[in-house]
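Contents: one structure, followed by commentary.
Throughout, protein chains are lettered first and strands after them, A, B, ... in sequence-line order, and every chain is numbered starting at 1.
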There are 2 protein chains.
Amino acid sequence: MNLTNEIIKHLYYSDCLSVSELSVCTGKSIPKIADEVATLLRDHLLIEDGFAASTGGRRAMRYSLAVDRLPIIISIAIDQFYTAIGIADIRNTLLAPIHTFPVAIYDDEHAFATIIAAAREAIDRLGNPKHCLLGLTMPGFVDSERGLNHSFPSSSPFFNIKQRVESELGYPTAVANDSSAIAVAEHKFGKGRGSQDILVVNFNWGVGLGMIISNKIYKGHSGYAGEFSHIPLANSQKLCSCGKKGCLEVEASLVSVFDAIKAALADGEASHLQQTFQENGEITFSDLLFAFAHGDQVTLRAVKNIMHMLGKGLSTLIHIMNPERIIVSGKGEGFGNDLLPALNSSIQEYCIPRLSRLTEISVSDLNNVQIIASACIAMQQPILIYPKLKHNKLQQL
Amino acid sequence: MNLTNEIIKHLYYSDCLSVSELSVCTGKSIPKIADEVATLLRDHLLIEDGFAASTGGRRAMRYSLAVDRLPIIISIAIDQFYTAIGIADIRNTLLAPIHTFPVAIYDDEHAFATIIAAAREAIDRLGNPKHCLLGLTMPGFVDSERGLNHSFPSSSPFFNIKQRVESELGYPTAVANDSSAIAVAEHKFGKGRGSQDILVVNFNWGVGLGMIISNKIYKGHSGYAGEFSHIPLANSQKLCSCGKKGCLEVEASLVSVFDAIKAALADGEASHLQQTFQENGEITFSDLLFAFAHGDQVTLRAVKNIMHMLGKGLSTLIHIMNPERIIVSGKGEGFGNDLLPALNSSIQEYCIPRLSRLTEISVSDLNNVQIIASACIAMQQPILIYPKLKHNKLQQL
DNA sequence: CTTACTTATTAATTTTTTTAAAAAGTTAGT
DNA sequence: ACTAACTTTTTAAAAAAATTAATAAGTAAG
């Protein structure tokens with residue numbers, strides 16, 4: 001990665017920075033950064049953004065990215081049941097509302113076509129911008145280096161996903177696993193900002209785990225680290241898709257919340273959702289959030305039980321990793337801080353107090369995390385492909 | 001850390017290296033290394049150690065450390081019940097047999113005095129060498145930076161351990177937690193050589209865990225990472241010292257092996273150890289190893305049960321960390337590869353096969369690991385305090 | 001409004017790396 | 001056995017980057 005791109009990347013994550021701040025976060029010397037910034041300024045890729053707040057000495061000039069000279073970021077966020085598409089400029093301003101639509105991704109070719117069609121439509125509506133970067137995140141064992149998703153057979157369009165998307169849409173594309181990407185998003189834009197070691201739980205239809213260790217994503221030796229959802233924990237008899245019993249996933253995911261509620265409704269328990277279910281034949285995620293926010297007993301109980309199991313899982317993580325912070329993110333973030341009491345009491349039960357005291361548990365405050373996550377992934381690519389000409393080389397021309 | 005010390009350190013771990021190998025492992029350029037090596041050679045701190053094996057081109061000169069010009073390493077390895085003292089030169093040749101003696105380290109002042117006396121005697125016998133480095137490893141929450149062991153009250157000599165040892169013995173001292181240090185030893189000298197991400201289980205009176213992530217020890221945000229022994233796992237009713245039930249430590253340590261055997265003997269079960277116990281009133285660790293090696297049924301069963309529990313713990317680690325390798329080390333290493341069948345079958349039971357296939361489980365082949373570990377810790381200090389004079393500066397004199 | 005103190009920016013020097021060239025060895029074919 | 005092609009280490013020269021020092025720009029207290 002060249003310095004130019006590195007500077008742009010840091011400014012993307014931090015909005016605006018001074019030369020000396022850039023020097024610290026790139027690890028390069030001040031003269032080097034000053035030189036590079038001057039070049040970028042001359043090329044109108046950076047703009048001066050006023051002086052920094054006073055710190056007792058000469059005030060530093062702050063620089064930020066020139067929106068109209070830098071690429072547009074296209075984010076595609078895929079989960080088991082829904083896909084969302086977002087388009088934003090380099091300063092994270094959405095250029096159109098996020099478009100979310102249902103797609104079940106085991107439905108291969110059709111699912112892929114639907115997603116591509118939706119993306120193309122969104123891009124068309126913006127007048128087919130030329131200079132774009134695309135980031136795509138989805139569940140499964142994703143090899144970001146090669147752009148493959150090994151959870152799909154090689155016949156599936158989702159297998160060689162990077163190449164397929166690039167050939168369909170024509171923009172440089174980076175792909176990553178949803179939970180890993182969400183960890184990056186929380187680390188750069190969410191509650192994990194400034195922490196070196198954080199764990200991010202992707203509380204979604206399943207439960208994923210993304211780990212940031214020493215400021216970088218930890219993937220383990222073969223890329224499977226964070227297979228948190230299948231650690232042996234519960235004494236339950238429910239069978240997991242992996243073939244074992246007692247996996248965290250069957251006890252602590254959004255799917256299990258829905259299962260618990262549906263079972264209660266079938267038992268005829270009183271609930272706001274009883275009517276919703278009869279009227280619409282189904283319960284959506286927003287129905288669930290509404291019921292939770294309005295104190296529906298069945299919903300509260302289901303969520304509380306799930307948080308108890310999740311807390312047991314987090315206790316194990318705390319013992320092993322001693323993280324600075326654990327962030328509950330993903331779709332389940334929508335429940336907000338009301339998740340914390342049940343979670344903390346469970347951690348209190350399963351964790352040595354000396355350790356649990358040292359890890360802060362929080363719920364994400366990022367809406368549409370996976371869209372932000374996809375944008376972060378898009379930005380992992382080279383932003384400017386043609387390296388800027390240096391001062392003296394230019395003068396020769 | 002200056003380059004001179006860095007080169008010496010790499011040679012300590014690798015015995016002998018060529019300039020280009022040193023360039024790779026220090027991350028410095030070849031001219032820089034060549035220059036530095038020339039200086040060290042001139043000062044007789046390095047010696048030419050013949051040509052490297054042919055690789056198809058010009059053969060490289062290999063360099064190794066000059067034993068008599070470099071410090072002697074004093075290792076002090078403390079565990080709950082025993083302490084061992086080893087003294088070796090910079091090429092890891094023992095200068096005297098390792099002296100092991102029983103000390104219970106909760107017995108503060110007396111225990112400390114015993115250890116210091118033994119160390120002083122060993123040093124005396126070698127004629128009080130002037131240039132020494134001392135490394136000390138022990139259980140507890142050790143802050144290596146400050147040289148403190150927070151598991152002891154501030155009144156204990158083991159609390160401000162670095163300072164106390166330095167003032168008693170007069171040699172620069174580094175201290176570390178036993179399990180962390182053993183992980184380093186396995187990474188540098190044991191089966192973890194060449195791997196980037198390894199987990200090392202310190203199978204001792206308790207069970208500890210040391211983690212090497214991206215070639216460096218991972219301690220977590222506040223230094224407590226690897227508190228593996230208290231993760232909630234077993235359904236047993238035995239109470240752990242931490243106040244909880246079902247901790248790994250009460251089910252998977254050497255202490256628990258002894259407990260199981262003693263219970264069986266009390267029940268009158270037939271065993272080689274029955275006689276040993278009646279004759280000596282106790283069973284030593286070597287009795288245990290002997291019985292195990294000779295197929296004593298009671299011993300085999302006890303060890304097998306413990307390995308089953310340890311395997312369950314390792315399964316959790318594999319899911320979360322996806323390590324390249326897990327090494328069972330510590331005193332329990334003495335059982336050798338016979339530990340593996342029970343361990344692997346347990347991992348098979350609790351782990352997703354896709355994951356367990358990717359992690360190799362092995363038993364350490366390092367005898368007296370903790371002595372080697374202490375030496376590694378000793379070497380984390382600056383080896384040469386007075387920086388070598390550079391070529392040109394010297395010529396000015 | 002001056003003095004003491006911070007901090008950013010610029011300039012000069014030193015260090016380090018990169019690149020290129022030379023030297024030393026190995027292998028295989030005639 | 002000897003030469004040609006190829007590898008790899010070592011040395012030398014050029015380029016890049018980091019340190020260090022100097023300067024400019026700002027703040028705060030008396």
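If you measure from atom CE of A:M61 to atom C1' of D:dG26, you get 13 Å, rounded to the nearest angstrom. One atom, CD1 of B:I33, and another, C1' of D:dT11, lie 16 Å apart when rounded to the nearest Å. Separating the CZ atom of A:R59 from the P atom of C:dC5 is a distance of 23 Å, rounded to the nearest angstrom. In this entry the distance linking CD of B:E21 with P of D:dT8 reads 13 Å, nearest Å. Per the geometry, NZ belonging to A:K28 stands 12 Å off C1' belonging to C:dT16, to the nearest Å. If you measure from atom CG of A:L17 to atom P of C:dT7, you get 18 Å, rounded to the nearest angstrom. One can place CD of B:E48 at 16 Å from P of D:dT9, the figure rounded to the nearest angstrom. Note: CD (A:E36) to P (D:dA16) measures 12 Å, nearest angstrom.
Between A:E21 and A:R62, at least one side-chain N (NZ, or NE/NH1/NH2) sits under 4.0 Å from a carboxylate O, which counts as a salt bridge. Between B:K32 and B:D35 there is no salt bridge, since no side-chain nitrogen of the basic residue lies less than 4.0 Å from a carboxylate oxygen of the acidic one.
For A:A60, taking side-chain heavy atoms from C-beta onward, the closest of the listed nucleotides D:dT10, C:dT18, C:dA8 is C:dA8. For B:I30, counting side-chain heavy atoms from C-beta on, the closest listed nucleotide (C:dT18, D:dT10, D:dA18) is D:dT10. Closest to the side chain of A:R58, out of C:dT17, C:dT9, D:dA18, is C:dT9.
Applying side-chain contact (heavy atoms from CB on, under 4.5 Å) to A:D89 and the options A:L70, A:L95, A:L94, A:I73 leaves one that passes, A:L95. Residue B:D15 is tested with B:K188, B:R91, B:R193 for a salt bridge (charged side-chain N to carboxylate O under 4.0 Å, His left out); the sole match is B:R91.
Between A:F189 and A:Y12, the distance from one ring center to the other falls under 6.0 angstrom.
Projected onto DNA chain D by closest heavy-atom contact, A:P31 and A:F51 fall at different nucleotides, the more 5' of which corresponds to A:P31.
At a threshold of 4.0 angstrom between heavy atoms, the contacts of B:S29 include nucleobase atoms, whether or not backbone atoms are also involved.
Phosphate proximity of D:dA18 to A:K32: absent, as no side-chain N or O sits under 4.0 Å from OP1 or OP2.
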